[in-house]
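A quick write-up on the structure given underneath.
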Amino acid sequence: MLNYNLNGKKLLLIGGLNNTSDLIELAHRNGVLIGVADYNKNTYVKGLADFVHDISVMDENAVVELCKKEGYNGIITAFNERLGPIVRRIGEKLGFPVPLTVEQLQMSTNKKFFKHTCLEYGVPVPEEVSVSSIEEIRQKDIKYPVIIKPVDSASSVGVTPCFTPEELEEGYRNAVGHSRSGDAIVEQYLPYDEVNLTFIAQDGDIQLAAIHDRYFNTTQKSATKAPDLYIYPSRYTDLIVENYSEKIINMLKGIGVQNGSMFIQAIIHEGKMYCYEAGMRLNGCKTYQILEYENDYNTFEHLMLFALTGSMGDHVDFNPKMKRWYATLNVLGQPGATIDKFEGIKALETYPWLIHIARRNQVGDTIPADSAGTLVQDTTRIHLYADTKEELVQRIDKVNMLYRILDKDGNNIILTPHDTKEVLNGLDYEL
């Protein structure tokens, strides 16, 4: 809840992907009018907005003139690394507050920059193998397995685990093909437990706000695995708080972060954490929905406030150990399937433990045929809470039973969800 009067303010959302639709609701409950600017016409988000602008946001000067002409008071983007630097530059031209600089945003737009910054501040990362060509792969004595990925992509696109030189050669071609800069990074492959750490900066005070464990779908044959379930708090919360969070916070302060929301993805193995990716933005798993229930602090809403006023609002203290159990179900769709109908939403909305349903896709959308093992096949994120771990698992089961996505033949195109018996057995810790 914001204790600020924003009634009548106009905010321009740069890039209207479906998963940004939450902002429309947050804006309207605060009396803020929202415009959406991108080149895609007649999108779902544009249908919710107060103002629609069919314009390429890559044309920064055109967006600047649009903001002046239409009387916007601020600009914002959310989940797209590529748009972050563009929004920052537009904001500088207009004198609008944007929380992170172009240099700071390199932490998520360039994996090599992120990794080398981590090393500078003593934040542990997987070992890197320097590779810049197929010839180098053939010449080097590389210890396998490794994983290769574009330096500037997201959602696991272009990522390949490699167990042989031949697989690495093919993975290199794939990674470079999905890289805007034509560059790739090769690291030791660590297929172990994964966590996501959410940090929030408020006027230079940076806190670790939440940690969740990432559970991966194993029923689909693909080179990489897509997460289908997140559980808060993480089983590794004490380990991270005691040994790693201060180093990461010092790193973020060291590069000058003052305000905003960031996340770190990491691997845990044999009591050690290895950070492999950062997002200098809201995370796509929408932890802000969880934090609103846990801390009465919706990060997206506070970023909206910052865009309009230059302030993140009233200071809040976070505790990643949390008072309740939370789960986010990533509903993965079958690659190549076309959505004809959603079932179970109204039934789920009758339960008080449901926090939010965020649909990424709409009726008529086709899940890309080449999306297996990536977050591109994530159709919906469903958030819920519980007071006990047993209750949490029961509620996950209820969601899995009720929520269905059907094709035109009436087939449920949702991949087999995570085994909740396995999940409950692994929750061998207490709040």
Side-chain angles (χ1 to χ4, degrees), residues 16-22 40-48 79 154-161 174 178 194 214-231 284-286 289 327-351 353-384 392-424:
L17 300 175
N18 285 348
N19 57 357
T20 61
S21 62
D22 296 353
N40 295 305
K41 297 181 179 181
N42 303 315
T43 62
Y44 171 70
V45 172
K46 283 185 173 178
L48 301 174
F79 305 107
S155 301
S156 299
V157 174
V159 177
T160 309
N174 183 41
H178 284 92
E194 293 201 17
R214 306 176 85 212
Y215 292 76
F216 290 84
N217 183 277
T218 58
T219 64
Q220 179 176 240
K221 291 184 179 180
S222 55
T224 55
K225 304 298 181 186
D228 58 9
L229 182 66
Y230 303 139
I231 300 290
C285 45
K286 303 196 172 189
Q289 299 283 0
T328 299
L329 288 77
N330 291 335
V331 183
L332 304 178
Q334 184 67 44
T338 298
I339 298 170
D340 185 68
K341 186 178 182 181
F342 293 90
E343 287 187 349
I345 294 176
K346 289 185 178 180
L348 285 171
E349 288 175 342
T350 65
Y351 289 99
W353 42 260
L354 178 76
I355 296 175
H356 194 258
I357 298 176
R359 276 181 18 212
R360 187 174 182 172
N361 293 99
Q362 306 300 316
V363 169
D365 288 352
T366 297
I367 299 162
D370 60 353
S371 64
T374 74
L375 285 171
V376 177
Q377 66 179 134
D378 182 4
T379 68
T380 318
R381 287 201 163 110
I382 301 176
H383 310 280
L384 55 92
L392 185 75
V393 168
Q394 291 171 4
R395 292 173 180 179
I396 293 171
D397 286 337
K398 178 65 72 173
V399 173
N400 288 332
M401 181 182 74
L402 291 175
Y403 190 65
R404 286 157 48 90
I405 304 176
L406 306 179
D407 64 14
K408 63 181 178 58
D409 297 319
N411 300 311
N412 188 4
I413 64 170
I414 296 175
L415 295 188
T416 303
H418 216 92
D419 182 353
T420 52
K421 291 182 180 178
E422 173 197 325
V423 172
L424 184 57

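In this text, all values refer to a predicted model and were calculated from it rather than measured experimentally. Counting from 1, the numbers follow the sequence of the chain as shown.
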Query raised in the report: By salt bridge (Lys or Arg N to Asp or Glu O under 4.0 Å), which residues pair with Lys46, not counting sequence neighbours?
Result: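 Asp38, Asp54.
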
Query raised in the report: Who are the salt bridge (Lys or Arg N to Asp or Glu O under 4.0 Å) partners of Arg214, not counting sequence neighbours?
Result: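 Checked Arg214 against salt bridge (Lys or Arg N to Asp or Glu O under 4.0 Å); matches are Glu194.
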
How close do [X] and [Y] get, heavy atom to heavy atom, and via which atoms?
{"X": "Ala327", "Y": "Ile396", "answer": "CB-CD1, 3.9 Å"}
{"X": "Thr20", "Y": "Val45", "answer": "OG1-CG2, 3.8 Å"}
{"X": "Gln289", "Y": "Ile355", "answer": "O-CG2, 3.7 Å"}
{"X": "Gly373", "Y": "Thr224", "answer": "O-OG1, 2.8 Å"}
{"X": "Thr379", "Y": "Asn361", "answer": "CA-OD1, 3.2 Å"}
{"X": "Gly16", "Y": "Thr43", "answer": "O-OG1, 4.2 Å"}

Which residues pass the side-chain contact (heavy atoms from CB on, under 4.5 Å) test with [X], sequence neighbours left out?
{"X": "Asn42", "result": "none"}
{"X": "Leu48", "result": "Ser21, Ile24, Tyr44"}
{"X": "Asn217", "result": "Thr219, Gln220, Asp228, Leu332, Leu415"}

Residue pair [X] / [Y], side-chain heavy-atom distance below 4.5 Å:
{"X": "Leu329", "Y": "Leu384", "result": "yes"}
{"X": "Trp353", "Y": "Lys398", "result": "yes"}
{"X": "Phe79", "Y": "Lys286", "result": "yes"}

[X]: side chain to side chain donor-acceptor pair (under 3.5 Å) partners, not counting sequence neighbours:
{"X": "Asp397", "result": "Thr420"}
{"X": "Asn19", "result": "none"}
{"X": "Asp407", "result": "Asn411"}
{"X": "Thr380", "result": "Tyr403"}

Can you give me every donor-acceptor pair (side chain of residues 333-343, partner residue at least two apart or in another chain, under 3.5 Å) with its distance?
from	atom 1	to	atom 2	distance (Å)
Thr338	OG1	Thr366	OG1	2.7
Glu343	OE1	Arg404	NE	3.1

Can you measure from [atom1] ([X]) to [atom2] ([Y]) and round to the nearest 0.5 angstrom?
{"X": "Arg360", "Y": "Leu17", "atom1": "CZ", "atom2": "CG", "value": "8.0 Å"}
{"X": "Arg359", "Y": "Asn18", "atom1": "CZ", "atom2": "CG", "value": "9.0 Å"}
{"X": "Leu392", "Y": "Ile231", "atom1": "CG", "atom2": "CD1", "value": "5.0 Å"}
{"X": "Leu348", "Y": "Thr350", "atom1": "CG", "atom2": "OG1", "value": "7.5 Å"}
{"X": "Asn412", "Y": "Ile405", "atom1": "CG", "atom2": "CD1", "value": "7.5 Å"}
{"X": "Thr328", "Y": "Ile382", "atom1": "OG1", "atom2": "CD1", "value": "10.0 Å"}

Requested in this report: Could you list the residues that satisfy ring-ring contact (aromatic ring centres under 6.0 Å, His included) with His418, not counting sequence neighbours?
Outcome: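 In terms of ring-ring contact (aromatic ring centres under 6.0 Å, His included), with neighbours along the sequence ignored, His418 is linked to Tyr215.
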
Query - Where at least one partner belongs to residues 366-378, residue pairs that pass salt bridge (charged side-chain N to carboxylate O under 4.0 Å, His left out), sequence neighbours excluded - result: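 For residues 366-378: Asp378-Arg381.
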
